Amino acid sequence: MKSTFVRRTGVAVAALALTAGLSSCQSGSDKAQGDEARRTPVQAITATFKKMQSAKAAKVDMTMTMPGASGEMKMSGVMGWDPQAIDMTVTMPAAATQGKVTAPVRMIQVDGAMYTELTSMKEALPPEMAAKKWAKIDMAAIAKKSGNEKLLAQLTGGAGTTQDPAQQLAPLLESPNVKHVGTETVNGVSAEHYTGSVSVEEALKEQEASKLVTPELRERQRESIKKLGVKKYDIDIWVNSDDYPVKMKVGMDTKTGPMNLVGNYSDYGTKANVQAPPAADTLDILKEIEKQLAKADAKA
């Protein structure tokens, strides 16, 4: 028989999973705007893809709407994608936590584990969790215990918060559907606007033909598509004079409804110096559930 703690913790873990579920190199270019007229949209997207892969980290301000969610999830902070790491503050729609979490929540992902600061969530948590400052969901440990090698990629790369911008842009590589809209000012920066719409079948076929997309990236993309049931991508990207994205807007038709992601990016190449919180301040959710289940089994 499961204890009350396990049942209540299960609800808390679901709330945490919902929230999870991501030195400037941009100045000094003398590239003329006329370059856009001398290269195709595919060439421009390819150049941007390469720049994002090499940058490995950036500062991000992001909003995301998901099917069934009444409101936007907002995220702001540092995102690294090689290796994968985030340190962000997350503001959730009030309806997602029944109005019990209204202040921004800090989230850290590093070494395959997600840490959520509990300070502003205490009223929504069982006492055992509220006694700690951080909750840890060790996704690497969960994947290892499951025996499913693909599970970690599914847990960390599904909804968008920890996906690198290159992964979001990958569906447009080699696509004939990309168009150059024109020059626009975004976040105070002159940027070239490109737009494209591509079906999942087209995206996967084009990625197979592209030498830029590694087998690992293709696998992450396939797992994300499978998990979300994505049918089509609509992507808008605004690129600065150094070929870095200033803004990306991604719309996805999924099996449960539309999902939209808008990201504003800056400070490419910044060091994502993400550190795990002290163990003494952290409640390891997986270990605590295992401990409580063992106690329940012993009493049965």
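By convention here, the first residue in the shown sequence is residue 1. Because the structure is a prediction, the values reported are computed rather than measured.
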Any donor-acceptor pair under 3.5 Å from Lys59 side chain to Asn264 backbone: no

CG on Asp138 to OG1 on Thr282, rounded to 0.5 Å: 11.5 Å

From Met64 atom CE to Met259 atom CE, the distance as rounded to the nearest 0.5 Å: 6.5 Å

Nearest atoms (heavy-atom pairs only) where Met62 meets Tyr265: CE-OH, 4.1 Å

Separation of Asp281 CG from Glu117 CD (nearest 0.5 Å): 10.0 Å

Plane angle bin for His193 and Trp238 - parallel if under 30°, tilted between 30 and 60°, otherwise perpendicular: parallel

Gap separating the CG atom of Asp236 from the CE atom of Met248, nearest 0.5 angstrom: 9.5 Å

Leu173 vs Ile45, side chain to side chain contact (heavy atoms under 4.5 Å, CB included): CA-CA, chis, key distance, verdict: CA-CA 7 Å; Leu173 287 174; Ile45 294 297; 4.2 Å; yes

Heavy-atom pair with the smallest gap, counting every atom of Thr270 and Ala57: O-CB, 3.1 Å

Met66 CE to Leu261 CG distance, which is reported to the nearest 0.5 Å: 10.0 Å

Hydrophobic cluster identity match, Val42 and Tyr244, side-chain contacts under 4.5 Å: no

Where Lys249 and Val262 come nearest, the two heavy atoms and their spacing: CG-CG2, 3.9 Å

Atom pair CD1/CG of Ile237 and Leu169 - distance to nearest 0.5 Å: 4.5 Å

Thr185 side chain vs Gly188 backbone, donor-acceptor pair below 3.5 Å: no

Closest heavy-atom pair and its distance - Ala44, Arg39: CB-NE, 3.7 Å

Trp134 and Tyr115 aromatic ring geometry - parallel, tilted or perpendicular at 30°/60° bounds: perpendicular

Linked, directly or transitively: Val186 and Val189 (ILVMFWY side chains, under 4.5 Å): yes

Any donor-acceptor N/O pair, Asp284 side chain to Lys287 backbone, under 3.5 Å: yes

4.5 Å side-chain heavy-atom contact, Val60 and Met75: no

Working for side chain to side chain contact (heavy atoms under 4.5 Å, CB included), residues Val110 and Gln275: CA-CA 7 Å; Val110 63; Gln275 301 292 329; over 6 Å; no

Exceeds 12 heavy-atom contacts within 6.0 angstrom, atom CG of Asp111: no

Short side-chain donor-acceptor distance under 3.5 Å, Ser197 and Asp234: yes

Val274 versus Gln109, closest heavy-atom pair with distance: CG1-O, 3.9 Å

Minimal non-hydrogen separation, Ala55 against Tyr268, with atom names: CB-CD2, 3.9 Å

Pair Arg106 + Asp87, salt bridge at N-O below 4.0 Å: yes

